[in-house]
Amino acid sequence: MNYNIPSHLSELPIYQKAMDILVLSRNISTYINQDLSYLRHDGSEDANIYFSGDIIQQSESLVPEIEKAQAESCSYKKYKHLDSLERLIHRLHLNCNRLQHCNSNGRDYLPILQIELKKFRRLQRNWMMTL
């Protein structure tokens, strides 16, 4: 997905980390989906396959929320976007924890994503002080 972003925004460390998280979550999801896409013997599918799609959707939502918070002049609306960013990160952590229990070799890469999410949270706290 290509975003039309101002040039100064792409230089922000939080923006760059959000893009790293997006790329990493896409790669992990692709790897996990290959293992979980098969039907079980009883014809049912693995419910964890949906969590792998959720991490992509939530990762893709990080950048637009950063853009909206950065562009907003009203502090109330700015904090609304910051709260949304907090919820996205929380949901990403929860979905990573859920995927830790799936039957896939891709789950070995989830700790890397969780480390990146922790780094993102640190960057987010610093970035929030500058808004």
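- Rounded to the nearest 0.5 angstrom, H93 NE2 and L110 CG are separated by 12.0 Å.
- Between the CZ atom of F120 and the CG atom of D20 there is a distance of 10.5 Å, given to the nearest 0.5 Å.
- Enclosure of atom NZ in K80 is not indicated, since only 12 or fewer non-hydrogen atoms of other residues, nucleotides or ligands lie within 6.0 angstrom.
- Counting all heavy atoms, side chain and backbone alike, Q70 lies closest to K78 at O-NZ, 4.4 Å.
- The hydrophobic clustering, which links ILVMFWY residues whose side-chain heavy atoms are closer than 4.5 Å, places V23 and I55 apart.
- Rounding to the nearest 0.5 angstrom, the gap separating the CD1 atom in I14 from the CZ atom in R125 is 11.0 Å.
- For S29 (side chain) and S25 (main-chain N/O), no donor-acceptor pair under 3.5 Å exists by modelled atom type.
- Closest approach of C96 and L117 over heavy atoms only: SG-CD1, 4.4 Å.
- Considering only heavy atoms from C-beta on, V63 stays 4.5 Å or farther from L22 through its side chain.
- Heavy atoms only, all atoms of each residue included: K17 and L123 are closest at CB-CD1, 3.7 Å.
- Contact record, S10 with Q16: O-NE2, 3.2 Å, taken as the closest heavy-atom pair.
- At least one side-chain heavy atom of D83 sits less than 4.5 Å from a side-chain heavy atom of R87.
- The main-chain N or O of I49 is found under 3.5 Å from a side-chain atom of S52 such that the two form a donor-acceptor pair.
- If you take CG on L12 and CD on E67, they are separated by 10.5 Å, rounding to the nearest 0.5 Å.
- Distance check: L92 CG to R121 CZ gives 9.5 Å after rounding to the nearest 0.5 Å.
- Counting only heavy atoms from C-beta outward, the side chains of I89 and L62 approach each other to under 4.5 Å.
- Between N27 and Y109, the closest side-chain pair of non-hydrogen atoms is not below 4.5 Å.
- I115 and L94 fall into different hydrophobic clusters, where Ile, Leu, Val, Met, Phe, Trp and Tyr are joined by side-chain heavy atoms under 4.5 Å apart, directly or via other members.
- A side-chain hydrogen bond (donor to acceptor under 3.5 Å, both in side chains) with E86 is found for one member of H81, Q124, R91 and no other, namely Q124.
- Listed here is the closest heavy atom pair of P64 and E60: CD-O, 3.1 Å.
- Separation of atoms CD1 (I21) and CG (L88) is listed at 10.5 Å; rounding is to 0.5 Å.
- Side-chain contact between L99 and I28 is absent, with no heavy atoms from C-beta onward closer than 4.5 Å.
- The shortest distance between side-chain heavy atoms of L85 and W127 falls below 4.5 Å.
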